[in-house]
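See structure below.
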Amino acid sequence: MAQELSRRTFLLTSAAGGLALTAPRAFAQDKLKVAGIHASPVENAWNSRLHEALQAAAKDGVIDYVFSESVSSTDYPRAMREYAEQGHKLIVGESYAVETAARQVAADYPATTFLMGSSGKPAGDNFGKFGTWNHEAAYLAGMLAAPLSKSGIYGAVGAIPIPEVNILINAFRAGVKDVRPNAKFLIGFIGTFFDPPKARESALAQIDAGADILFGERIGTADAAKEKGIKSVGSLLDYTPRYPNTVFANAMWYFRPSLDAVIADIKAGVKTGKDYSPFSFMKEGGNDIIFTKSMVVADSIAPMEAKRAAIRSGSFTVPVDASEPK
């Protein structure tokens, strides 16, 4: 299966396995067999967040974790079935390209939980979904970005205009407009989830059209910003070490709260066919902003931090706008 479904398939149990040898028998039996199915390489920003959380859970001795990467949409349902047949109790992945087929597979394996990144709804007792909702952090990044632009034009490069992508870009825009109501925006979609050169080209076109701050929903955006000497915002993970003079803020996303929630439900024997997206909220530890103070306008920090505190307390809610940005 590994040769057919991905560039490589790994068993990540060495650290956890060593722990199990010295752990009590009951603890070892508690470890959950989990498989990750990644449509893109695990180096892709979104997939890396799932992968890192699953690796961390394996290192903590919570799960045994295997994964396949670069799995095509034609092979994806088969990969789900094969992992279920192998006895994995939780399969984590994405169903954006195979929504109907993924739900059919889940219906055929009621003893297995499927937790999928999805624009659709949960299904049955065992098909759970989650959205990548780091929109709160994207909003805050927009607030910091607002006074940095000289042109008043902000660009964004996204994958495909699905709700999960739209929500982030719209939240960034809303954060900018909170501070700079007359801001103008450009948008580019590259039509795929992983194509850094294409994202770079889209970003370059926006820079040529006047954008001098970019929101990089896709890897490759910051390459264009670095090349042209402008600033950008990273999404999902911390791009600052890779682009120290370009990326001034990152809208971070953490999958571990969602993973821990579904594992708890499986162990409790409750239905897992539900929406786990709320575990991506800031109050759950699912997203947050990190930024470099020396790269932003000093006076922009206090208002952003006040809004951040309001989000955490629940007194302010970042709009969840899934409409396609124009």
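Below, all heavy atoms of this structure are taken into account, side chains as well, without hydrogens, waters or symmetry copies.
For the 3.5 Å distance criterion, the side chains of E69 and N44 fail to qualify, holding no donor opposite an acceptor. Between Y239 and S232, the side chains place no donor N or O within less than 3.5 Å of an acceptor N or O (distance only, hydrogens not considered). No donor-acceptor contact under 3.5 angstrom links the side chains of S280 and N287, judged on distance only. Side-chain contact annotation: D265 with T272, donor-acceptor N/O pair under 3.5 Å absent.
A 4.5 Å side-chain heavy-atom check between W253 and W46 finds at least one atom pair inside the cut-off. Side-chain contact check for R218 versus S202: every heavy-atom pair is 4.5 Å or farther apart. Here the side chains of F291 and I301 are in contact, with some heavy-atom distance below 4.5 Å. Annotation: side chain of V296 is not in contact with side chain of K231 (no heavy-atom distance under 4.5 Å).
Side-chain N or O atoms of E136 include one that pairs as donor or acceptor with a backbone N or O of M282 at under 3.5 Å. Side-chain N or O atoms of Y83 include none that pairs as donor or acceptor with a backbone N or O of V66 at under 3.5 Å. Counting only distance, with no hydrogens or angles, the side chain of N126 and the backbone of A106 share a donor-acceptor pair below 3.5 Å. At least one donor-acceptor pair closer than 3.5 Å links the side chain of S313 to the backbone N or O of A310. Although no hydrogens or angles enter the test, the distance criterion places no donor-acceptor pair under 3.5 Å between the side chain of T221 and the main chain of G216. Proximity of a side-chain donor or acceptor of S300 to a complementary backbone N or O of V297 within less than 3.5 Å is detected. Remark: side-chain polar atoms of N166 are paired, donor with acceptor, to backbone N or O of A322 under 3.5 angstrom.
In terms of heavy-atom proximity, A249 sits nearest to L144 at CB-CD1, 4.5 Å.
A salt bridge links R308 with E305: the closest approach of a Lys/Arg side-chain nitrogen to an acidic carboxylate oxygen falls below 4.0 angstrom.
Within a 6.0 Å sphere centred on CG of D208, other residues, nucleotides and ligands contribute more than 12 heavy atoms. K267 NZ: more than 12 foreign heavy atoms inside a 6.0 Å radius.
Applying side-chain hydrogen bond (donor to acceptor under 3.5 Å, both in side chains) to S118 and the options E164, E99, K129 leaves one that passes, E99. Paired with Y65 under the rule side-chain hydrogen bond (donor to acceptor under 3.5 Å, both in side chains), one option of K33, H51, K31 passes, and it is H51. Between Y154 and the options Q206, R180, R173, a side-chain hydrogen bond (donor to acceptor under 3.5 Å, both in side chains) holds for only R180.
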Show the numbers, then the answer: is there a side-chain hydrogen bond (donor to acceptor under 3.5 Å, both in side chains) between D178 and Y139? CA-CA 9 Å; D178 184 337; Y139 182 97; 2.6 Å; yes
I'd like to know whether I207 forms a side-chain contact (heavy atoms from CB on, under 4.5 Å) with E227, so could you lay out the CA-CA distance, the side-chain angles of the two residues, the decisive distance to 0.1 Å, and finally the verdict. CA-CA 11 Å; I207 295 169; E227 184 177 326; over 6 Å; no
Salt bridge (charged side-chain N to carboxylate O under 4.0 Å, His left out) between R78 and D75, worked out: CA-CA 5 Å; R78 181 161 60 87; D75 277 333; 2.8 Å; yes
As a quick check of understanding, evaluate side-chain hydrogen bond (donor to acceptor under 3.5 Å, both in side chains) for Y109 and E85, giving each step before the final call. CA-CA 9 Å; Y109 295 92; E85 292 283 354; 2.7 Å; yes
Between E52 and F255, does the side-chain contact (heavy atoms from CB on, under 4.5 Å) criterion hold? Intermediate values first, please. CA-CA 9 Å; E52 289 172 12; F255 179 62; over 6 Å; no
Apply side-chain contact (heavy atoms from CB on, under 4.5 Å) to M252 and R49, showing your working. CA-CA 10 Å; M252 301 293 292; R49 307 311 285 154; 3.8 Å; yes
Would you sort out whether Q104 and D108 count as a side-chain contact (heavy atoms from CB on, under 4.5 Å), showing the intermediate values? CA-CA 6 Å; Q104 182 57 59; D108 292 342; 3.1 Å; yes
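Y254 and Y276 are assigned to two separate hydrophobic clusters, defined by single-linkage of ILVMFWY side chains at heavy-atom distances under 4.5 Å.
Outside the 6.0 Å centre-distance limit, the rings of H88 and F114 are not counted as a close aromatic pair. In this structure, F172 has its ring center at least 6.0 angstrom away from the ring center of F185.
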